[in-house]
Amino acid sequence: MSQNSQAPRGEMVKIMLNGAEVQADPHWSLLEAIQFYGIDIPTLCHDEGLTPYGVCRLCVVEIGSGDKTKLVASCMHPVWEGLEVRTHSNRVIKTRKTILELLIARCPSSKKLQDMAALLELKEVRFEPLNDDCILCGLCVRMCEEQMGAKAIGFAGRGPERYITTPFDMNSEECRKCGACMYICPVVELRCQGPQAETVLCSGCINTEPVCAPDYGEAMCFMVPCLSCVKGPEDVK
Amino acid sequence: MKVISAKELEDLRNEILAGKDQDKPCIAVCGGPGCLANQCLEVRDAFVNEIAAKGLTDKVDVRTTGCHGFCERGPIALIYPQEIFYQRLSIDDIPEIIEQTIVNNKTIDRLLYTDDEAGQLVETEGEVPFYKKQMRLILGNNSKIDPHSIEDYIAIGGYSALVKVLGGMQPMDVVDEIKNSGIRGRGGGGFPTGRKWESTRNAQGDIKYVICNADEGDPGAFMDRSILEGNPHSVLEGMIIGAYAIGSNEGYVYVRNEYPLALKNINLAIKQAREAGLLGDNILGSGFGFDLKVNRGGGAFVCGESTALMASLEGKPGEPRAKYIHTSDKGLWDRPSNLNNVETWANIPLIINNGADWYSAIGTESSKGTKVFSLVGKINNTGLVEVPMGMTLREIIFDIGGGIPDGKAFKAVQTGGPSGGCIPESLIDLPVDYDRLTEVGSMMGSGGMIVMDEDTCMVDVALYFINFLMEESCGKCVPCREGLLRMGEILTNITEGRGRMEDLDLIQDLSEVLKDASLCGLGQTAPNPVMSTLKYFRDEYEAHIKDHKCPAGVCTELITYSIDADNCTGCGLCLKKCPAEAITGETKQPHVLDAGKCIKCGICYDVCKFDAVIKE
């Protein structure tokens with residue numbers, strides 16, 4: 001993705017990623033830079049082959065320093081010289097968990113969301129479950145338009161009434177029934193039939209042992225203070 | 001009538017002024033939205049007919065103008081040259097005004113405004129307390145011109161700022177002037193206008209756009225509407241100047257379709273400006289060309305957000321996008337675009353004419369100039385007010401607004417539209433500027449000011465605004481779509497007596513996520529009404545949850561009605577009015593209210609003359 005098109009090709013910029021100075025291609029999105037360095041952050045509405053959409057907000061990261069920090073959707077955000085990024089600050093984790101909680105309350109039967117809940121150690125869902133299917137990530141809409149060239153489906157309605165449909169909710173000749181929308185849909189598969197939890201959360205795969213950011217590789221855990229860890233510096237000593 | 005140079009415009013101005021007799025009586029009838037609803041057009045017609053009947057058509061002018069601001073007292077008419085302020089007019093008053101005031105030069109006391117505090121009648125507009133403390137730089141011209149007449153606008157010095165700019169200022173000089181004036185965007189965010197212009201000017205691209213955001217959709221707000229309806233040329237002049245400074249030759253005015261008169265007036269103004277050569281190629285012989293298109297909004301509140309507005313202009317669904325790349329770099333059709341609100345544009349000619357130093361002397365350290373507020377709700381003087389930045393809420397609400405009706409107590413004021421915060425009585429001496437409002441958890445927004453009295457339930461208020469925003473959310477990003485839905489659910493539970501104390505933590509959590517993680521300004525500011533009421537009126541939330549009581553007596557699920565047998569005279573009025581037949585009793589015997597049948601409509605409470613119906 002090249003949003004930062006004014007930068008010359010080939011020249012790298014330096015960014016501070018979780019306290020480490022690393023190089024990034026100015027044509028990358030922030031998410032691409034984060035993924036390049038092997039840091040795993042959750043995404044739901046993102047796919048490498050499609051235009052970033054920035055709506056699930058699970059890929060939020062914290063940028064800036066001092067009292068000028070904010071959360072941004074990394075899939076849409078450009079990289080620039082000197083950008084400071086924290087992928088797992090407490091604020092980020094808390095936000096991701098609440099967003100996932102909102103999503104699971106809407107679609108508790110999604111395996112994808114349940115797996116993500118286990119990874120993020122989400123412990124409870126405080127909202128009334130609605131038992132919907134679609135999480136409105138828009139991957140199918142973009143797939144249909146950008147990769148299949150059909151534009152057979154799109155969004156209708158607004159706010160909580162938003163849904164995905166064909167024009168005028170009618171059978172559409174534009175749709176070739178290619179199934180690409182089903183292929184890319186993250187929630188089309190059923191919830192895993194493991195331990196039948198009494199709560200909305202399946203909880204079957206939650207790792208109950210607190211771990212220090214498992215996917216970052218050993219290097220990160222020697223940093224004092226650790227700037228990426230979920231637990232905060234005081235817990236890592 | 002095409003003017004091709006500054007000199008020709010000046011000649012035209014002199015010609016118009018020479019043709020005007022300053023002493024000729026003119027009746028300026030307010031044609032603003034409030035007065036229109038009060039049949040001001042019938043009043044205007046009555047003036048015209050009466051003047052014709054008396055054979056005075058050549059001797060008296062009648063002008064239908066934009067909003068004068070004092071909607072509470074409409075229909076309003078100003079009689080020039082004396083500037084006599086007549087209010088609450090009806091058709092029957094008109095012959096008397098013509099006979100007495102126009103012909104015999106006598107004022108009619110009955111139609112004058114009474115200053116209750118001073119206990120005397122007030123003759124001219126400037127003496128009315130509502131106007132006295134205002135500084136009407138933008139709105140003041142509304143009563144002086146017919147919005148359908150470019151000549152009127154030129155006569156009061158209109159387009160002289162444009163002459164000044166095209167006649168010798170370099171574009172960067174204009175940008176610097178606006179930067180030095182310190183003006184910040186009037187649409188909500190308060191971004192420094194000059195810096196926005198500079199970024200757009202410096203952005204790469206041969207085609208650039210200037211856009212006027214007139215998609216004002218806040219409940220109870222009509223500032224931009226009144227400027228566009230009352231003085232559309234001031235907005236045009238600002239936009240032409242902005243386009244010159246930025247290096248743009250094309251612009252858009254995005255007006256909500258629910259403002260038919262604003263649409264009509266801006267379209268007419270554009271047509272007139274084109275005919276006069278003030279829009280089009282080679283404006284005033286400067287070589288600079290600029291033209292404008294008007295676009296009607298499709299009824300979505302979120303289209304007031306700049307990127308959603310631009311998407312809508314492009315013919316796409318009005319949904320916002322991330323602004324990490326600013327619209328000044330990539331806006332409409334991915335080209336550098338400068339969007340400002342109606343009121344911001346209307347300020348530009350003032351700044352150019354009077355200079356940045358003059359402008360920056362008005363207001364506070366961080367907020368310069370004046371701001372128009374629509375003062376509505378539980379307030380005596382409903383209307384549009386324009387005050388210098390830094391005036392306190394107390395001055396606006398009590399000195400200008402005349403305080404709260406029926407001797408009730410002031411409780412809170414909500415500023416900044418649906419996503420503003422509620423400011424409590426303890427902060428009433430707060431000076432109103434961008435930063436101070438943000439500090440206390442509210443915002444300037446576009447200038448809505450909703451005053452609430454003691455009978456307002458703050459939980460109910462928060463629920464109302466959350467529901468409004470939920471319905472107006474585009475639904476694109478998760479925090480806003482799902483978060484507002486859940487917030488609405490939780491608040492509904494609280495107002496219906498099903499709330500739990502842990503719900504308060506949950507809405508706090510949700511509020512932070514909305515603010516931090518929403519895609520656009522709508523979601524990011526949406527928690528303000530909840531967070532501010534929770535901060536300043538937490539006891540009300542707790543009363544709903546713990547005691548199952550609504551202290552203000554608003555939430556129907558939590559109140560009960562009963563009849564006090566000692567006070568009840570058995571007059572039978574409540575019995576007769578009760579739509580649910582819940583009240584029984586013999587005449588002249590105390591009545592009884594069956595709580596099981598009661599639908600809590602409150603009619604009995606309202607009709608009882610003996611305070612015998614108890615609400616608790």
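Throughout, protein chains are lettered first and strands after them, A, B, ... in sequence-line order, and every chain is numbered starting at 1.
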Taking the side chain as everything from C-beta on, heavy atoms only, tell me whether A/Thr98 gets closer than 4.5 Å to B/Leu510. yes
Checked B/Glu502, B/Glu482, B/Arg486 vs chain A; the most non-hydrogen pairs under 4.5 Å come from B/Arg486
Between A/Glu128 and chain B, which part of the residue has a heavy atom less than 4.5 Å away: side chain, backbone, both or neither? both
Count the heavy atoms of every other residue, nucleotide or ligand shown that sit under 6.0 Å from NZ of A/Lys97, and state whether that count exceeds 12. yes
Quick check for you: among A/Val72, A/Leu103, A/Val60, which has the greatest number of heavy-atom pairs under 4.5 Å with chain B? A/Val72
Less than 4.0 Å between a side-chain N and a carboxylate O, is that true for A/Arg126 and B/Asp503? no
For B/Arg481 versus A/Ile135, what's the shortest heavy-atom pair and its separation? NH2-O, 3.2 Å
Flag side-chain contact, heavy atom, 4.5 Å: A/Leu130 against B/Leu485: yes
A/Pro160 side chain near B/Met470 side chain, heavy-atom distance below 4.5 Å: yes
Give, as side chain, backbone, both or neither, the part of A/Arg91 having an atom under 4.5 angstrom from any heavy atom of chain B. side chain
How about A/Glu161 and B/Glu471: do any of their side-chain heavy atoms sit closer than 4.5 Å? no
Looking only at heavy atoms, which two atoms of B/Tyr324 and A/Pro78 are closest? And how far apart? CB-CD, 3.8 Å
Under 4.5 Å to a heavy atom of chain B? For A/Arg57 that would be side chain
Please report the shortest heavy-atom distance between B/Ala517 and A/Thr95, naming the atom on each side. CB-CG2, 3.6 Å
Does atom CE (A/Met182) have a neighbourhood of more than 12 heavy atoms from anything else shown, all under 6.0 Å? no
Side-chain heavy atoms of A/Lys94 within contact of B/Val513, under 4.5 Å: no
Give a yes or no on this: more than 12 heavy atoms of other residues, nucleotides or ligands lie within 6.0 Å of atom CZ of B/Arg498. yes
Does a side-chain N-to-carboxylate-O contact under 4.0 Å join A/Arg162 and B/Glu319? yes
Would you call B/Asp516-A/Lys70 a salt bridge at under 4.0 Å N-O? no
Relative to chain A, which segment of B/Glu512 carries a heavy atom at a distance below 4.5 Å: side chain, backbone, both, or neither? side chain
Which atoms of A/Leu44 come close to chain B, meaning under 4.5 Å heavy atom to heavy atom: side chain ones, backbone ones, both, or neither? neither
What's the separation between atom CD1 in A/Ile99 and atom OG in B/Ser518, rounded to the nearest 0.5 Å? 8.0 Å
Walk me through it: do A/Arg158 and B/Lys476 pass the test side chain to side chain contact (heavy atoms under 4.5 Å, CB included)? CA-CA 8 Å; A/Arg158 72 181 181 207; B/Lys476 189 172 172 180; over 6 Å; no
